[in-house]
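Structure first, then comments.
In the text below, chain A, chain B and the rest are named by the order of the sequence lines, each starting its count at 1.
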2 protein chains.
Amino acid sequence: MAEPRKSAQQAGPRRAGEKPHDHDACIDTAIARARTLCDERAVQLTPLREKVLQIVWRSHKPVGAYQVLDELARTHKAARPPTVYRALDFLIAEGLIHKIESLNAYLGCGEAGVAHTSQFLICRACGTAEEIVDPKLDQALDAAAKRARFTVERKVVEIAGLCGRCAG
Amino acid sequence: MAEPRKSAQQAGPRRAGEKPHDHDACIDTAIARARTLCDERAVQLTPLREKVLQIVWRSHKPVGAYQVLDELARTHKAARPPTVYRALDFLIAEGLIHKIESLNAYLGCGEAGVAHTSQFLICRACGTAEEIVDPKLDQALDAAAKRARFTVERKVVEIAGLCGRCAG
DNA sequence: GGGCGAATGATACAATATAACTTTGGGCCT
DNA sequence: AGGCCCAAAGTTATATTGTATCATTCGCCC
């Protein structure tokens, strides 16, 4: 059911001098990877879940659950809050999306299937959130926790401010 | 109006071998510091705001806005959600409390009046949240942002897991 | 063809947060 | 004293985010 999409409504991250971001390809890659991963793990990426994943991936801006619901309801009349939250919970459990706690919103994971910690740079001007993987930062988090004799289970790192394009 | 409190309902952080945490003194210190700071800044720590600050400080567990409301309403019949949210907003603006984004809850700031970044260790077993100040971690955050040409305005660092006492 | 379990449907509601307008009360000016 | 201003708090209503619970569907396996 991978019908062609209309061109993406939101451009992705791009800095001056870089070439335009092909967001359709970006989504396609993410969906393809999700299918592969779910297949390997013998979990079901149902049409509903895949549709929700597509909606989350429509932009690089974190999207609220009720925005997802509105979008989903266009083609899926039965959609209700639990429909969306269940799909989001599944996608989070499988590491296909992240929740941005400081925004109560959700973002496609660019590193699905790869062991990684999630750190986010959230621009207050353009609304995009960039997922970064910074081993030094991650080590610093672990070191800080260890110093406090704390056993880490989950790390939430969200840096808000201005991205290079919006500041520059 | 600093009437004596009943003994604190929640003990604070304490490790095996440490002496008991005198939470009443802990609150007193926080309130006294808050008064001094607000005085210096010529902002009003009104009785209502101070009461909310006391309620947040009753434990070292992050407390939800509606928990604050319930507690406040015991002695302040007119209390409504905006009453609480306005007080919390003020206290956050003055750096007297922090919001824990991953819990939608609020915690007294142990470093009020001192320039610092906030990092939290949140125990899922006992519910306490410890505020730590780790310059290396902070530097790592700044470095990661700089590498991505990102201008930092706010940092949210919340590590969830098990504290030393609950894990040990 | 019956039973099981995962996924989804459907209804209701809980928890968190804000908008917008009104009232109060203290400081200050004349 | 009287009037004005402004910050704080009161008041009512509503928006936003998230869950609980039970019913239904559907594929799979025996």
Where each residue is assigned the nucleotide of DNA chain D containing its nearest heavy atom, which of A79(B) and D89(A) is assigned the position nearer the 5′ end? A79(B)
Consider the side chain of P81(A), meaning its heavy atoms from C-beta on, and name the nucleotide among dA8(D), dA9(D), dG18(D) that approaches it most closely. dG18(D)
Start with the C-alpha gap between E153(B) and T151(B), add the side-chain angles, then the distance that decides, and say whether side chain to side chain donor-acceptor pair (under 3.5 Å) holds. CA-CA 7 Å; E153(B) 291 176 350; T151(B) 306; over 6 Å; no
Verify the contact: side-chain N or O of N104(A) to OP1 or OP2 of dG18(D), cut-off strictly under 4.0 Å; return yes or no. yes
Rounded to whole Å, CG of L88(A) lies from P of dT19(D) at a distance of 11 Å
Can you check the L48(B) CG to dT24(C) P distance for me, whole Å? 17 Å
Atom pair distance, as rounded to whole Å: CG in D70(A) and C1' in dA15(D): 13 Å
For a quick check of understanding: with a heavy-atom distance under 4.0 Å over all strands, which category does F90(A) fall into, base, sugar-phosphate or nothing? nothing
In terms of the nearest nucleotide of DNA chain D, which residue is placed more toward the 5' end: T83(B) or L103(A)? T83(B)
What is the distance, to the nearest angstrom, from the CD1 atom on I100(B) to the C1' atom on dA17(C)? 18 Å
Picking from dT17(D), dA17(C), dG10(D), which would you name as closest to the side chain of H76(B)? dG10(D)
For the atom pair CZ (F120(B)) and CG (L103(B)), what is the distance rounded to the nearest 0.5 Å? 10.5 Å
Ignoring backbone atoms, establish whether Q44(B) has a side-chain N or O less than 4.0 Å from OP1 or OP2 of dA7(D). no
Kindly work out whether a path of hydrophobic side-chain contacts (I/L/V/M/F/W/Y, heavy atoms less than 4.5 Å apart) joins L53(A) to L107(A). no
What is the distance, rounded to the nearest whole Å, between atom CG of L69(B) and atom P of dT18(C)? 15 Å
Check the distance between dT12(D)'s C1' and R80(B)'s CZ and give it to me in whole angstrom. 9 Å
Of all the nucleotides listed (dA17(C), dT17(D), dA8(D)), which has the minimum atom distance to the side chain of T46(B)? dA8(D)
5'-most contact on DNA chain C (nearest-nucleotide basis), P82(A) vs A105(B), goes to P82(A)
By nearest-heavy-atom nucleotide on DNA chain C, the more 5' of K77(A) and R49(A) is R49(A)
Quiz question: going by heavy-atom distance under 3.5 Å, is there a donor-acceptor pair between the base of dG18(D) and the side chain of R86(A)? no
T128(A) and H60(A): side chain donor to acceptor below 3.5 Å: no
Of the listed dT19(D), dG9(C), dG10(D), the closest approach to the Y85(A) side chain comes from dT19(D)
Would you state whether a donor and an acceptor, one from the side chain of Y66(B) and one from the base of dA17(C), lie under 3.5 Å apart? yes
Nearest-neighbour nucleotide for the K99(B) side chain, dG18(D), dG9(C), dA17(C) considered: dA17(C)
Separation between SG of C38(A) and CD of E94(A), rounded to the nearest 0.5 Å: 5.5 Å
